[in-house]
Colleague: 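This structure is in structure tokens; I'll ask about it shortly.
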Amino acid sequence: MTSQRTALLICSRRTALMGLMPGAAGPDPEEADPVASSTRHSDPMRCRMDSTSSSAWSQATRKSSQRCLKASSAASVAAVFSPPACARASTTAAAAATNSSYAALRSSTVASIPPPPPRKRRRSSLSDDSNRIAPNSTTTPSQAGPSGENMRWPNRMGIRMGLHSISCIWARAQGPELVSYSATASMTSEEFQAAMAGKKFSSYHLAAALRRELDPAAALRLFLNPPTSATAPSSAPFRYSLRCYDLIISKLAAARLFPAMESVLSRLASSSAPRPREQLLCRVISAYGRARLPAAARRAFAHPAFPEPRTVRALNTLLHALLACRTPLHDLLAVCRDARIPPDACTYNILMRAAAASVSLEHARLLFDEMLHRGIAPTVVTFSTFVAALCDAGQLEDAFELKGVMVRQYKLSPNAYVYASLMKGLCEQGDVDAAVRLKEEMAGSAEAVLDSGVYATLVRALFRVGRKGEVTGLLEEMKGRGIVADRVVYNAMIAGFCEDERDPSAAFAVLDDMKKSGNKADAVTYNTLVAGLCKLGRWPDAAELVEDMPRQGCSPDVVTYRMLFDGMCAAGEFLEADQVFNEMVFKGFAPSKDGVRKFVQGVERGGDVALLELVLCRLAKVNALESSGWEKAVSGVLNGPSKLRLEKQLDSLQIA
DNA sequence: TTAGGGTTAG
């Protein structure tokens with residue numbers, strides 16, 4: 001298996017050197033695309049004929065595959081995984097001791113925490129149709145943003161009336177003849193007095209006020225209308241500093257207020273302000289990546305507000321943003337070629353991650369070979385990326401082998417990321433003991449610092465294999481090492497109680513402990529609880545919890561709604577599911593295809609033609625119904641008395 | 001905020 005892979009790697013070596021990136025060796029344009037080229041040269045016989053030009057990693061892999069994997073690999077792995085006898089004894093003793101202590105802890109905490117409150121009739125967040133506002137321009141998923149892509153504007157688009165507005169009113173009451181625009185709540189008294197007393201309100205003051213303003217909409221108003229004094233010369237335009245532009249653009253980007261941000265960028269492009277640094281461009285591109293707006297990210301990369309030439313840093317930011325948008329490797333390579341910027345290790349790391357995720361590990365290896373050929377040294381990130389990809393593919397043996405290669409061949413020590421991936425891989429195979437031993441190896445490493453993520457992985461794995469009794473001991477050990485249990489550790493415990501133990505009460509007890517320890521529950525926390533309750537058929541409790549989330553400082557996300565929706569459908573509560581669906585549409589979230597299918601089938605089986613008609617129309621508005629669902633559902637409805645009404649509505653629909 | 005892992009679903 002490994003030798004086959006090595007042969008493939010060697011055979012593909014020639015194609016890799018043909019040049020994926022500008023400046024790479026090999027002018028053959030026919031083989032510029034690694035995806036196409038590797039396909040063309042997939043004949044293994046032909047590959048072996050070119051075996052003299054393998055990369056360092058190829059050679060290392062080949063050698064180790066011959067030596068380690070067949071003969072000594074098992075022995076070396078066994079050596080790593082076999083702790084001394086004393087360690088084994090202490091581990092066993094600790095496990096035995098923790099079984100009882102953890103059970104005691106759990107029973108005491110669970111007993112002190114009441115179950116979630118009984119479900120009341122939900123009306124506040126899941127209002128009925130008569131009060132439901134149709135999806136508007138700020139929430140419709142099909143809304144075309146500045147990029148022309150489908151996007152969902154966050155609720156923060158709404159302008160809040162808070163301290164800012166109050167300060168405006170107060171300032172105007174003090175003397176509207178003096179100040180054309182009031183200071184905001186974020187302004188210091190000195191800044192405000194500067195404006196009030198006719199002193200120059202400079203870009204320095206504006207930058208200070210913008211820095212303090214937490215509300216992006218208020219910051220934008222301040223930026224567009226900086227305080228000017230009636231006693232100061234009114235003809236002189238306000239001179240914005242680059243810092244002011246930087247602050248407001250960064251704030252708007254972080255808040256995903258993209259139309260406003262684009263407007264400020266255009267203003268910057270035509271202004272006489274100094275040209276901004278590329279760091280700001282990177283922030284803009286990253287914001288578009290996080291918002292899953294790849295076309296907008298590409299346009300930002302070429303925005304005239306930012307002076308040419310672009311550096312590899314901006315290119316890498318763009319690639320990373322596009323990768324977050326699941327842009328295929330082929331398109332990422334095209335971006336690299338078009339940019340004509342020499343790549344660095346980071347560039348290759350991103351491309352290799354894309355290759356492993358969307359094409360194959362072999363393509364990632366091609367890129368690795370090309371990277372070496374260009375004289376770019378792999379970094380610890382390169383190896384952690386590869387190790388994670390190998391573990392995801394279930395190739396644990398290769399992943400461990402690569403860990404050895406990075407040490408021996410490249411003198412790089414595995415870090416926490418490498419260990420975390422390997423431990424996750426072992427846990428997924430059910431070998432928790434090996435994962436625990438790897439954790440001990442990590443503890444003895446100078447470079448790999450043990451952190452909460454490692455313990456979270458082990459906690460989750462112990463629950464999965466039915467060894468929750470050992471969790472308390474593990475957490476005690478973590479505490480003894482000075483590692484504080486964070487949100488991820490608590491989430492792992494909550495997931496264990498919900499999924500493996502099917503014990504939501506215990507999970508709620510952990511949630512309570514989590515809050516008491518100062519850790520804020522996030523969407524993952526609540527989604528886990530919602531899923532656990534729904535799987536037990538306790539959808540009313542799940543609905544209550546979802547309704548309570550905003551009060552707890554965490555907004556439900558698309559996963560939350562999908563799980564609640566699916567849970568209600570599974571329980572046959574289609575009227576309730578319809579309300580959730582309505583709210584999802586309002587917030588711009590689409591239900592899962594599977595959920596929609598079950599929903600339509602359930603409503604159809606229920607025979608409520610009016611509800612089915614309503615549901616179909618709503619689904620069509622968000623383009624969430626597959627054609628097969630349409631055919632089935634419509635054929636059922638057309639047999640009913642509302643045929644004419646439905647036909648009229650169908651005619652009026654615009655299906656994207 | 002140029003790159004990597006660990007807790008949720010699919």
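Computed from heavy atoms alone, side chains included, the values below leave out hydrogens, waters and symmetry copies.
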Colleague: Name the closest nucleotide to the Ile350(A) side chain, picking from dA3(B), dT8(B), dT1(B).
Modeller: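 In terms of side-chain proximity for Ile350(A), the closest of dA3(B), dT8(B), dT1(B) is dA3(B).
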Colleague: Using the side-chain heavy atoms of Ala388(A), tell me which of these nucleotides is nearest: dT8(B), dG5(B), dT1(B).
Modeller: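 Closest nucleotide among those given: dG5(B).
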Colleague: Would you find a donor on one side and an acceptor on the other, under 3.5 Å apart, between the side chain of Lys515(A) and the backbone of Val510(A)?
Modeller: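 No; zero donor-acceptor contacts below 3.5 Å.
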Colleague: In terms of side-chain heavy atoms of Lys535(A), which of dG6(B), dA9(B), dT7(B) is nearest?
Modeller: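 Per side-chain heavy atoms of Lys535(A), the pick is dA9(B).
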Colleague: Compare the minimum distances between each of dA9(B), dG5(B), dG6(B) and the side chain of Thr457(A), then state the nucleotide with the smallest one.
Modeller: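 Closest nucleotide to the Thr457(A) side chain: dG6(B).
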Colleague: Side chain of Asp486(A), heavy atoms from C-beta onward: which of dG10(B), dG6(B), dA3(B) has the nearest atom to it?
Modeller: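 The answer is dG6(B).
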Colleague: Please work out if Asp451(A) contacts a base, only the sugar-phosphate, or nothing of the nucleic acid, heavy-atom cut-off 4.0 Å.
Modeller: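 Base: the residue Asp451(A), judged by heavy atoms under 4.0 Å, touches a nucleobase.
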Colleague: Nearest to the Cys346(A) side chain among dT1(B), dA3(B), dT7(B), which nucleotide is it?
Modeller: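 When the side chain of Cys346(A) is considered, dA3(B) is the closest of dT1(B), dA3(B), dT7(B).
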Colleague: Over how many whole Å does the gap from Asn491(A) atom CG to dT8(B) atom P extend?
Modeller: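 It works out to 8 Å between those atoms.
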Colleague: Return the nearest nucleotide to the side chain of Val524(A); candidates are dT7(B), dG6(B), dG5(B).
Modeller: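 Ranking dT7(B), dG6(B), dG5(B) by closest atom to the Val524(A) side chain puts dT7(B) first.
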Colleague: Is the distance from OP1 or OP2 of dT1(B) to the nearest side-chain N or O of Arg290(A) less than 4.0 Å?
Modeller: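 Answer yes for this pair, as a side-chain N or O of Arg290(A) is under 4.0 Å from OP1 or OP2.
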Colleague: Starting from C1' on dT2(B), measure out to CZ on Arg283(A) and report it in whole angstrom.
Modeller: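 So the two atoms are 13 Å apart, to the nearest Å.
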Colleague: What is the distance, to the nearest angstrom, from the CG atom on Leu332(A) to the C1' atom on dT2(B)?
Modeller: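 Leu332(A) atom CG is separated from dT2(B) atom C1' by 14 Å.
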Colleague: In this structure, how many angstroms lie between the P atom of dG5(B) and the OH atom of Tyr417(A), rounded?
Modeller: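 Checked: the OH to P distance equals 8 Å.
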Colleague: Starting from P on dA9(B), measure out to CG on Asp522(A) and report it in whole angstrom.
Modeller: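 Rounding to the nearest Å, CG of Asp522(A) and P of dA9(B) are 14 Å apart.
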Colleague: What integer distance in Å separates Leu367(A):CG from dA3(B):P?
Modeller: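 Rounded to the whole Å, the gap is 18 Å.
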Colleague: Quick one: is Lys424(A) getting a side-chain N or O under 4.0 Å of the dG5(B) phosphate, OP1 or OP2?
Modeller: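 Negative; the distance criterion is not met.
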Colleague: Can you tell me if the side-chain N/O atoms of His320(A) get under 4.0 Å from OP1 or OP2 in dT2(B)?
Modeller: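 So the side-chain polar atoms of His320(A) never come under 4.0 Å of the phosphate oxygens OP1 or OP2 of dT2(B).
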Colleague: For a quick check of understanding: with a heavy-atom distance under 4.0 Å over all strands, which category does Ser452(A) fall into, base, sugar-phosphate or nothing?
Modeller: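 Ser452(A): base contact, heavy atoms under 4.0 Å.
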Colleague: Start with the C-alpha gap between Arg562(A) and Asp566(A), add the side-chain angles, then the distance that decides, and say whether salt bridge (Lys or Arg N to Asp or Glu O under 4.0 Å) holds.
Modeller: CA-CA 6 Å; Arg562(A) 282 183 176 182; Asp566(A) 292 353; over 6 Å; no
Colleague: Examine dG6(B): is either OP1 or OP2 under 4.0 Å from a nitrogen or oxygen in the side chain of Arg487(A)? Give yes or no.
Modeller: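 Negative; the distance criterion is not met.
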Colleague: Heavy atoms under 4.0 Å, any strand shown: does Val380(A) hit a base, just sugar-phosphate, or nothing?
Modeller: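 Touches a base.
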Colleague: Rounding to a whole Å, what distance do you find between Ile285(A):CD1 and dT2(B):P?
Modeller: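 Rounding to the nearest Å, CD1 of Ile285(A) and P of dT2(B) are 11 Å apart.
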Colleague: What are the two closest non-hydrogen atoms of Val335(A) and Leu318(A), and how far apart are they?
Modeller: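 Smallest interatomic distance, heavy atoms only, reads CG1-CD2, 3.7 Å.
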Colleague: Does a side chain donor of either Tyr561(A) or Lys587(A) reach within less than 3.5 Å of an acceptor in the other side chain?
Modeller: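 Yes, a side-chain donor-acceptor pair sits under 3.5 Å.
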Colleague: Looking at the side chain of Arg353(A), which of dG10(B), dG5(B), dT2(B) is the nearest nucleotide?
Modeller: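 For the Arg353(A) side chain, the nearest candidate turns out to be dG5(B).
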Colleague: Counting any heavy atom closer than 4.0 Å, what does Arg562(A) reach on the DNA or RNA strands: base, sugar-phosphate only, or nothing?
Modeller: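 If one applies the 4.0 Å heavy-atom cut-off, Arg562(A) turns out to touch nothing in the nucleic acid.
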Colleague: Tell me, please, which residues at least two apart from Asp246(A) pass salt bridge (Lys or Arg N to Asp or Glu O under 4.0 Å).
Modeller: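 For Asp246(A), the residues satisfying salt bridge (Lys or Arg N to Asp or Glu O under 4.0 Å) (neighbours in sequence not counted) are Arg243(A), Arg283(A).
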Colleague: Measure from the side-chain N and O atoms of Thr457(A) to the backbone N and O of Gly453(A), and report whether any donor-acceptor pair falls under 3.5 Å.
Modeller: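 At least one qualifying donor-acceptor pair exists.
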Colleague: Going by the rule salt bridge (Lys or Arg N to Asp or Glu O under 4.0 Å), which residues pair with Arg313(A) if we only count those two or more places apart in sequence or in a different chain?
Modeller: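 So Arg313(A) forms no salt bridge (Lys or Arg N to Asp or Glu O under 4.0 Å) with any residue.
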Colleague: Which nucleotide wins on minimum distance to the side chain of Arg464(A), given the candidates dT8(B), dT1(B), dG6(B)?
Modeller: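 Closest nucleotide among those given: dT8(B).
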Colleague: Of the listed nucleotides (dT2(B), dA9(B), dA3(B)), which one gets closest to any side-chain atom of Val381(A)?
Modeller: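 Selected nucleotide (nearest to the side chain): dA3(B).
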Colleague: Regarding Thr379(A), tell me which of base, sugar-phosphate or nothing describes its non-hydrogen contacts under 4.0 Å with the strands shown.
Modeller: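 Answer is base: heavy atoms of Thr379(A) come under 4.0 Å of a base.
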Colleague: Could you state the CE-P distance from Met442(A) to dG5(B), rounded to the nearest angstrom?
Modeller: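 Interatomic distance, CE of Met442(A) to P of dG5(B): 14 Å.
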